[in-house]
Amino acid sequence: METTTTRQELFIKMVIDEWNKQNNNFNKLLSSLADGQLSKEIAPGKNTGIYLVGHLVAISDAMLPLLGFGEKLFPQLENVFIKNPDKSGLEKPSVAELKEYLQAVNTKLSDHIQSTAPGEWFKRHMAVTEEDFAKEPHRNKLNIIINRSNHMSYHLGQLILLK
C-alpha cells in the first residue's frame, strides 16, 4: 500500500516531468526556427514569434521570486513582454539574447526545482498571503509549475504556426 509521501512524490514527479517536457519542446522548436521566421506574426495582426519567445522567457524568469528561488535574472523583460503588447514600439532584445536569457533562467529554475524537497511544493507561493493560503491551499508552488507548463504549451501551439 502506498504512503502519502509516495503519492506526493509521484504527483510531484508527474508535474515536474511535464514542465521539463514543455521546456524541451520549446527549446527544440526554438532551435528549429530561423530569426526571420520568429520575426513574423503567428497570424495576421497577432503576436510575432520573437514577442512570444520573450514573453515565455519573462514568465519563466518571474517564476524565480514567485517560487522563492531568488530575484529575477532579467527584470527588464517584464515591461517589454508582460506589461506591454507586441506592437508597443518598445525595443526588444535580439533572438540570440533571448536564447541566452532562456538558458540562464532555465538553468537556475532547474537547479532549484531539483533541490526542492517534496513537502516544499505544497507550501504557498510568494504571491499569496498566509491568510489566503489557509483558505486556498491549492495556491501552492507546485500549482505554479502546473500553470506555467500549460501556459508554455499554449504558446508553443502558436509558435508552431511559424514553421
Student: In chain order, what residues pass the side chain to side chain donor-acceptor pair (under 3.5 Å) check against Ser88, with sequence neighbours excluded?
Tutor: none
Student: What residues form a side chain to side chain contact (heavy atoms under 4.5 Å, CB included) with Leu73, not counting sequence neighbours?
Tutor: Asp61, Leu64, Ala104, Val105, Lys108
Student: Would you call Lys87-Glu41 a salt bridge at under 4.0 Å N-O?
Tutor: yes
Student: Kindly compute the distance separating OG (Ser149) from CG (Leu156), expressed to the nearest 0.5 Å.
Tutor: 10.5 Å
Student: In Å and rounded to the nearest 0.5 Å, what is the CG to CG distance from Leu67 to Leu109?
Tutor: 7.0 Å
Student: Would you please name every residue forming a side chain to side chain donor-acceptor pair (under 3.5 Å) with Glu91, sequence neighbours left out?
Tutor: none
Student: Only counting residues at least two apart or in another chain, list the ones meeting side chain to side chain donor-acceptor pair (under 3.5 Å) with Lys28.
Tutor: none
Student: Transitively linked via ILVMFWY side-chain contacts under 4.5 Å: Val53 with Tyr154?
Tutor: no
Student: Under 3.5 Å, is there a donor-acceptor pair between the side chain of Gln37 and the main chain of Ala34?
Tutor: yes
Student: Could you tell me whether a side-chain N or O of Asn143 sits under 3.5 Å from a main-chain N or O of Asn140, the two making a donor and an acceptor?
Tutor: no
Student: Do the side chains of Phe133 and Thr129 get nearer than 4.5 Å, heavy atoms only?
Tutor: no
Student: For Lys135, check salt bridge (Lys or Arg N to Asp or Glu O under 4.0 Å) against everything at least two apart and list the hits.
Tutor: Asp132
Student: Using atom types as modelled and distance alone, determine if a side-chain donor or acceptor of Lys92 lies under 3.5 Å from a backbone N or O of Asp86.
Tutor: yes
Student: Can you list the residues that meet the salt bridge (Lys or Arg N to Asp or Glu O under 4.0 Å) rule with Glu120, with sequence neighbours excluded?
Tutor: Lys123, Lys141
Student: So, taking the atom named CG in Leu159 and the one named CG in Asn47, what distance separates them when rounded to the nearest 0.5 Å?
Tutor: 9.5 Å
Student: What ring-ring contact (aromatic ring centres under 6.0 Å, His included) pairs are there with at least one residue in residues 108-128, not counting sequence neighbours?
Tutor: Phe69-His112
Student: Can you sort out the partners of Arg124 under salt bridge (Lys or Arg N to Asp or Glu O under 4.0 Å), two or more places apart, ordered by chain and number?
Tutor: Glu130
Student: For Lys83, what residues pass the salt bridge (Lys or Arg N to Asp or Glu O under 4.0 Å) criterion, not counting sequence neighbours?
Tutor: Glu78
Student: With ring-ring contact (aromatic ring centres under 6.0 Å, His included) as the rule and sequence neighbours excluded, what pairs involving residues 15-53 come up?
Tutor: Tyr51-Phe81
Student: Once side chain to side chain donor-acceptor pair (under 3.5 Å) is applied, do any residues pair with Asn106, and if so which ones, sequence neighbours excluded?
Tutor: Asn23
Student: Please determine, by modelled atom types, if Glu9 and Thr6 share a side-chain donor-acceptor pair under 3.5 angstrom.
Tutor: no
Student: Hydrophobic clusters join Ile, Leu, Val, Met, Phe, Trp and Tyr when side-chain heavy atoms are under 4.5 Å apart, directly or via other members; which others share one with Ile82?
Tutor: Ile59
Student: Do Leu56 and His151 touch side chain to side chain, with heavy atoms closer than 4.5 Å?
Tutor: yes
Student: Can you find a side-chain donor-acceptor pair between Thr48 and Lys40 that sits under 3.5 Å?
Tutor: no
Student: Show the nearest heavy-atom pair for residues Ala134 and Pro137, with the distance to one decimal.
Tutor: O-CD, 4.2 Å
